[in-house]
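Predicted model only: the values in this text are computed from it and were never measured.
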Amino acid sequence: MITVAGVAVATFLVVSVLAAFETTANRRDMMSRCHYRSRKQLMTGAEKHCFQLLNDIFGQKFYVIPDVQLSALLSHKVGRQNREAAYSFIDQKTVNFVFCNKETLRPVCAIKLDDGKRSKSLGSDPKDMEKFFKSARLPFVRITDPKNLDRQTIIEEFSRVIYETSLSADKPKTKVKSFKAASAND
């Protein structure tokens, strides 16, 4: 009986290895048959309009980096929380733009264009993202109606959000090192 079980396990392992090898070979073959073409534009529509405005207004002081994953901006390793759960809320989620200080490359602010469409993925909603960034004390700007964005609206919204973030950074709730939000002199 033990011999039969051993032969069955050995046969299963051999079949599994052969199947894995076959799958890898098929994927490599498929990969060699796939072809690509570069896109004509990295951004279009409202995202392109917003990027151009942001660069025009803030480009002298900050790098404006498009399409950044939350996991590159926010660390989920805080205190004794469930790190796996915390990571799952930010994994595979992005913001449209991040401002980075040109000298230090420190993230200064994150921007999400809110077109009103809601994702079913928990944490993808810009209102959820606001909570994540508030927790990290990193200014987060949610831009509604990005198609009709103008210079004055951007300046007002950024001033409000950075001011509010600087107030919350002055009152640390945990023993996490606090910092003041970016100012015009940063």
Q: Kindly work out whether a path of hydrophobic side-chain contacts (I/L/V/M/F/W/Y, heavy atoms less than 4.5 Å apart) joins L105 to L138.
A: yes

Between [atom1] on residue [X] and [atom2] on residue [Y], distance to nearest 0.5 Å:
X	Y	atom1	atom2	result
L74	K93	CG	NZ	12.0 Å
D150	H49	CG	NE2	7.5 Å
K61	N101	NZ	CG	7.0 Å
F133	D128	CZ	CG	12.0 Å
T144	K112	OG1	NZ	14.0 Å
L113	N96	CG	CG	3.5 Å

Q | Minimum heavy-atom distance D114-P146, with the two atoms named | A | O-CD, 4.0 Å

**Q.** Minimum heavy-atom distance between I90 and H76, given as atom pair plus value
**A.** CD1-CB, 4.5 Å

Taking C-beta and beyond as the side chain, do [X] and [Y] meet within less than 4.5 Å on heavy atoms?
X	Y	answer
R142	E130	yes
F140	C109	no
Y87	S71	yes
V68	T94	no
C50	F97	yes
L149	L53	yes
Q41	K48	yes
P66	M43	yes

**Q.** Note: R151-D56 ion pair, threshold 4.0 Å (strictly below)
**A.** yes

Q) Thinking salt bridges, do E157 and R160 make one under a 4.0 Å N-O criterion? A) yes

Q: Decide if atom CD of E103 counts as having more than 12 heavy atoms of other residues, nucleotides or ligands within a radius under 6.0 Å.
A: no

Q.
Before you tell me yes or no, could you show the steps for I111 and V95 under side-chain contact (heavy atoms from CB on, under 4.5 Å), namely the whole-Å CA-CA distance, both residues' side-chain angles and the distance that decides it to 0.1 Å?
A. CA-CA 6 Å; I111 299 102; V95 289; over 6 Å; no

**Q.** K102 (side chain) donor-acceptor with G59 (main chain) under 3.5 angstrom
**A.** yes

Q: Return yes if some donor-acceptor pair links the side-chain N/O of S135 with the main-chain N/O of K131 below 3.5 Å, else return no.
A: no

Q: Show your working on side chain to side chain donor-acceptor pair (under 3.5 Å) between S88 and D91 and close with a plain yes or no.
A: CA-CA 5 Å; S88 72; D91 185 35; over 6 Å; no

Q. Would you call the rings of F58 and F99 parallel, tilted or perpendicular, where under 30° means parallel and over 60° means perpendicular?
A. tilted

Q.
Taking side-chain hydrogen bond (donor to acceptor under 3.5 Å, both in side chains) as the definition, give me every residue that meets it alongside N55, ordered by chain and number, with sequence neighbours left out.
A. none

